There are 2 protein chains.
Amino acid sequence: MAMLDSLRAAYDGKLLVDADDVAPYLTDWRKIWTGAAIAVTLPETVDQVCTLVRWCGQNGVRLVPQGGNTGMSGGATPPAEGLNLVVALTRLNRIRAIDPVNNTMTVDAGVILASVQEAARDAGRYFPLSLAAEGSCTIGGNLATNAGGTAVLRYGNARELCLGLEVVTPTGEVWSGLKGLRKDNSGYDLRDLYIASEGTLGIITGAVLKLYPQPAARLASLVAVADCGAAMGLLEVLRARYADRLTAFELLSRECLELVLRHGHDARDPFGESYPWYILIEFTDFTSEEAARAAIEEALGQAFEDGIVLDAVIAESLAQTQVLWALREGISEAQSAEGPTIKHDIALPISAIAAFMPAAVEAVRVSHPDIRPVLFGHLGDGSLHFNYSPGPGEDKASFMARQAEVNRIVHDLVMAAGGTISAEHGLGVLRRDEADAYRPTAERQLMRSIKQALDPQGIMNPGKLLAL
Amino acid sequence: MAMLDSLRAAYDGKLLVDADDVAPYLTDWRKIWTGAAIAVTLPETVDQVCTLVRWCGQNGVRLVPQGGNTGMSGGATPPAEGLNLVVALTRLNRIRAIDPVNNTMTVDAGVILASVQEAARDAGRYFPLSLAAEGSCTIGGNLATNAGGTAVLRYGNARELCLGLEVVTPTGEVWSGLKGLRKDNSGYDLRDLYIASEGTLGIITGAVLKLYPQPAARLASLVAVADCGAAMGLLEVLRARYADRLTAFELLSRECLELVLRHGHDARDPFGESYPWYILIEFTDFTSEEAARAAIEEALGQAFEDGIVLDAVIAESLAQTQVLWALREGISEAQSAEGPTIKHDIALPISAIAAFMPAAVEAVRVSHPDIRPVLFGHLGDGSLHFNYSPGPGEDKASFMARQAEVNRIVHDLVMAAGGTISAEHGLGVLRRDEADAYRPTAERQLMRSIKQALDPQGIMNPGKLLAL
């Protein structure tokens with residue numbers, strides 16, 4: 001194929017073309033979308049990325065950047081049609097520098113998130129971004145989608161953990177914004193424009209990340225509550241009294257716990273009886289575990305007396321903290337093991353959640369009484385995975401046929417409550433058209449102007465994020 | 001004047017045209033720049049702002065948005081030439097809503113920063129943005145320049161304190177991005193693009209601000225150290241041990257303290273002898289003042305034993321904390337009272353500061369031995385006001401003639417150390433051309449593309465931020 005010869009002549013890095021080699025890059029993690037590409041490239045240098053972008057521009061080929069291919073929304077899967085080239089960043093994976101005094105780490109985009117966490121720990125620092133896919137997702141993908149996860153309550157999203165970026169633009173040039181500064185107002189904020197742009201404006205190749213002091217102790221507790229209103233009351237009390245020491249506040253329904261108990265390895269119910277809702281809270285302390293324990297015991301003791309909390313277990317050790325976390329982090333996989341899923345990645349003002357939850361559950365129940373809500377999420381951030389699994393005996397085709405209607409019911413209520421239908425998984429192809437339908441005209445026009453200005457040829461990650 | 005008649009026909013809000021009325025809006029706070037405008041408008045509604053923008057687009061008039069007119073860089077002063085209209089947002093000043101459960105406040109752009117702080121306090125919450133001009137600057141101006149201030153170490157810049165924006169675009173439409181969400185990835189990040197764009201892409205008319213729990217206690221200490229290296233050592237120790245409870249770490253030189261003692265009201269030296277450098281540290285605690293005091297005493301006791309700290313005073317009360325803060329916050333005014341100033345609003349990686357400071361002082365001293373360094377800043381953020389005052393007897397003209405050369409010496413060293421020449425005051429006209437000269441070609445091209453895409457007529461705050 002003349003085109004591949006041309007590509008090989010321009011680019012000297014690793015290139016996959018055999019169907020078996022290429023296949024894993026053409027299907028997304030959820031196995032919903034499968035696309036086509038003339039090849040998969042695995043550049044090891046930023047220069048090679050520039051070469052690939054220039055070659056694509058010259059040859060009318062569109063680029064699809066890919067990190068660990070763990071996305072939930074199909075944002076890293078090539079379209080099925082057209083000439084596409086996958087640019088997998090996984091070999092661009094050096095930790096370039098760690099500056100413990102400045103509390104920064106400079107990394108290639110392809111470094112695995114868990115490796116970033118580990119390198120920070122080895123340097124006596126803490127990198128707080130944490131999510132279920134951390135063992136295989138890349139930091140570049142985290143930034144391209146502005147990943148959230150479980151530490152947002154205290155530390156913010158991927159966006160807030162990034163001080164600088166390096167991006168290869170659609171002309172194949174490098175924009176080097178790798179500054180490690182806490183204050184910098186020297187022009188338009190290109191960094192934040194590229195973050196969450198899902199590879200549609202350029203390819204992130206490097207980043208300067210914020211590091212934090214390593215906590216002396218992290219201590220989790222699983223708390224049982226009667227409803228979301230009680231959960232909100234507990235959040236309020238804990239925030240007022242413990243402020244930043246409260247580092248996680250995660251919600252899971254009884255249904256979620258049961259899924260994990262059914263499908264998880266060695267998972268067991270920490271309580272002797274069942275409760276409708278659970279909150280996983282985590283306290284962080286910079287002096288000692290005893291201080292964390294004292295705070296958590298005082299807080300929960302008071303909440304128990306006040307009738308907010310029905311029951312609670314407090315981890316006796318870091319190992320037990322991890323066991324409690326595994327109950328929360330195992331939900332997504334357990335739900336997949338149970339069968340097909342309808343997912344909603346929503347966020348709401350925290351003040352709207354207690355009313356939204358029962359209203360949305362009821363609105364879906366009226367027209368779809370048999371499907372099962374699987375409700376969990378990062379309640380402290382107002383971010384919820386408002387998911388559904390099929391009812392007993394329902395087959396996949398019948399269940400998935402409900403998806404568009406269930407989406408509409410849930411998302412209409414989310415938008416009416418001032419929320420978003422895309423909290424932390426990105427738009428990709430999954431939410432692209434729905435987001436566009438909810439988007440006000442002025443906003444759509446602004447976003448299109450930006451895409452047109454920065455990628456006039458339309459070669460960057462076609463069909464993602466924006467409906468054009 | 002036909003043009004004013006046309007404006008009056010289109011716009012029914014407050015309008016100033018008399019020279020005396022208009023004058024305060026045409027000169028900046030530092031009285032360096034004076035421009036010209038066909039009128040000053042003071043809209044009270046977002047609709048009126050839209051009307052003004054549309055009228056300007058139709059009549060080839062450029063808009064200059066202005067808040068409290070407290071900027072340091074001339075960003076809100078109209079050019080001296082051309083047809084300009086000042087749009088002062090100070091009457092668009094309602095607090096639209098406070099949501100204590102969501103920890104958000106929705107405000108008009110023209111609300112004074114101190115009023116935002118006060119409204120938060122009245123609702124039992126804390127809005128952390130704090131800077132010397134807070135009694136007259138507006139939150140819209142703070143966002144348009146991404147103001148920093150004294151609480152960035154813990155809470156971030158204005159950017160990090162804003163969840164949503166409302167902007168009137170150059171076509172006179174409203175982009176309503178007033179969401180109060182902690183996670184939202186539903187398209188390109190328009191919010192952060194407008195923040196720090198200094199009114200060159202649109203006019204910010206409203207914002208959703210983040211609120212925080214009200215601390216139980218804030219306690220300051222003034223600490224004497226021998227040099228910046230010792231200061232950095234103290235920062236390291238405090239950060240590791242006290243993490244987020246350390247909420248300010250401000251540097252001032254002996255020269256700064258002397259200026260405040262000379263020009264400030266009732267200011268007195270808290271120490272019996274003089275020291276070369278001082279650090280104002282502040283601890284915040286969510287349980288009690290005693291807890292804050294215990295932490296500060298323990299930290300400083302250890303640092304004193306380790307020889308890091310030469311001397312220290314700890315405030316006995318909130319009133320004394322404010323007295324110590326007044327020494328730090330009085331510097332800018334005291335320096336102005338002393339005579340003309342050459343200002344540098346720089347930031348560096350924190351790890352670069354201990355070497356940068358003596359090197360930059362020495363580099364300036366070699367060619368300008370008589371001018372006096374007035375060095376202070378937000379050391380915990382790497383943000384420094386590396387200023388100069390004239391030497392004894394030097395007149396203003398002679399001193400200011402040095403400005404370009406002193407700028408070049410300081411800024412070349414800043415850029416070589418990976419820093420920025422514009423940390424928290426914005427580029428305005430003061431730093432526009434210097435920033436452009438240091439800007440890599442790819443970055444300049446990206447910024448120009450964005451300006452061209454969003455403001456093709458070039459009517460928004462002409463001549464600011466970008467050299468075109």
Side-chain angles (χ1 to χ4, degrees), chain A residues 99 101-102 145-146 148 152 157 160 169 173-176 179-190 192-193 195-197 213 232 236 239-244 286 347 349-351 381-383 418-424 426-427 435 439-440 442-443 446-447 449-450 452-454 465, chain B residues 99 101-102 145-146 148 152 157 160 169 173-176 179-190 192-193 195-197 213 232 236 239-244 286 347 349-351 381-383 418-424 426-427 435 439-440 442-443 446-447 449-450 452-454 465:
Chain A
D99 182 342
V101 175
N102 195 40
T145 57
N146 188 23
V152 173
N157 300 281
E160 283 85 30
T169 69
E173 289 167 292
V174 177
W175 170 61
S176 181
K179 287 194 174 166
L181 303 173
R182 261 73 184 178
K183 288 185 180 173
D184 182 17
N185 289 307
S186 49
Y188 298 139
D189 182 12
L190 301 176
D192 284 308
L193 184 58
I195 292 175
S197 71
M232 302 313 303
E236 171 79 9
R239 284 266 296 176
R241 183 65 190 267
Y242 300 100
D244 292 330
F286 286 85
I350 291 164
S351 48
D381 316 315
S383 158
T420 178
I421 66 164
S422 178
E424 57 174 3
L427 295 173
R439 195 172 277 145
E443 183 172 301
L446 287 166
M447 290 188 185
S449 299
I450 289 168
Q452 177 64 28
L454 298 191
L465 190 137
Chain B
D99 181 344
V101 175
N102 195 39
T145 57
N146 188 22
V152 174
N157 300 282
E160 283 83 32
T169 70
E173 289 166 293
V174 177
W175 171 62
S176 180
K179 287 193 174 167
L181 303 172
R182 263 70 185 180
K183 288 184 178 173
D184 182 17
N185 289 306
S186 50
Y188 298 138
D189 181 12
L190 300 176
D192 284 308
L193 185 58
I195 292 174
S197 71
M232 302 314 302
E236 171 80 11
R239 285 266 295 175
R241 183 65 189 269
Y242 300 99
D244 292 330
F286 286 86
I350 291 163
S351 49
D381 317 315
S383 159
T420 178
I421 66 165
S422 178
E424 58 173 3
L427 295 172
R439 196 171 277 146
E443 182 171 302
L446 287 165
M447 291 186 185
S449 299
I450 289 167
Q452 176 64 28
L454 298 191
L465 191 137

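This is a predicted model, so every value here is computed, not measured.
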Practice item. Applying side-chain contact (heavy atoms from CB on, under 4.5 Å), run through B:Ser449 and A:Leu454 and close with a yes or a no. Key: CA-CA 7 Å; B:Ser449 299; A:Leu454 298 191; 4.0 Å; yes
Review point. Could you give the distance from CD1 (A:Ile350) to CG (B:Leu181), rounded to the nearest 0.5 Å?
Key: 9.5 Å
**Study point:** Atom group of A:Glu236 that falls short of 4.5 Å from chain B, counting heavy atoms
**Key:** side chain
Check your understanding: What distance separates B:Arg182 CZ from A:Glu424 CD, expressed to the nearest 0.5 Å?
Key -> 15.0 Å
Study note, to complete from the structure: Rounding to 0.5 Å, atoms CG (B:Asn146) and CG (A:Asp184) come to a distance of 9.5 Å
Review point. Is it the side chain or the backbone of A:Asn157 that comes within 4.5 Å of chain B heavy atoms, both, or neither?
Key: side chain
Practice item. Keeping the roles fixed (side chain from B:Asn185, backbone from A:Ser422), state whether a donor-acceptor pair exists under 3.5 Å. Key: no
Practice item. Among B:Gly180, B:Pro349, B:Gly426, B:Pro440, single out the residue with the greatest number of heavy-atom pairs under 4.5 Å to chain A. Key: B:Pro349
Review point. For chain A, which of B:Ser176, B:Gly382, B:Ala435, B:Ser383 has the most heavy-atom pairs under 4.5 Å?
Key: B:Ser383
Check your understanding: In terms of heavy-atom pairs under 4.5 Å, which option from B:Val174, B:Asp244, B:Ile421, B:Val101 contacts chain A the most?
Key -> B:Asp244
Practice item. Test A:Tyr188 against B:Leu446 for side-chain contact (heavy atoms from CB on, under 4.5 Å), laying out the working first. Key: CA-CA 9 Å; A:Tyr188 298 139; B:Leu446 287 165; over 6 Å; no
Revision key, fill the gap. Answer key: most heavy-atom pairs under 4.5 Å with chain A among B:Gln452, B:Glu443, B:Met232 is B:Glu443
Check your understanding: Looking at A:Thr169, A:Ile450, A:Leu193, which has the largest count of heavy-atom pairs under 4.5 Å with chain B?
Key -> A:Ile450
Check your understanding: Relative to chain A, which segment of B:Ala240 carries a heavy atom at a distance below 4.5 Å: side chain, backbone, both, or neither?
Key -> backbone
Review point. Would you say B:Arg439's side chain and A:Ser186's backbone share a donor-acceptor pair under 3.5 angstrom?
Key: yes
Check your understanding: Looking at B:Thr145, B:Thr420, B:Val152, which one has more heavy-atom pairs under 4.5 Å with chain A than the rest?
Key -> B:Thr420
Review point. Is chain B contacted by the side chain of A:Asp99, its backbone, both, or neither, given a heavy-atom distance below 4.5 Å?
Key: side chain
Practice item. Taking ring pair (Phe, Tyr, Trp, His ring centres under 6.0 Å) as the test, write out the residues that go with A:Tyr242, two or more places apart. Key: A:Phe283
**Study point:** A:Leu190 portion near chain B, given a 4.5 angstrom heavy-atom threshold
**Key:** side chain
Exercise for review: With side-chain hydrogen bond (donor to acceptor under 3.5 Å, both in side chains) as the test, would you mind laying out the steps for B:Asn102 and A:Ser351 before giving the verdict?
Suggested key: CA-CA 5 Å; B:Asn102 195 39; A:Ser351 48; 4.8 Å; no
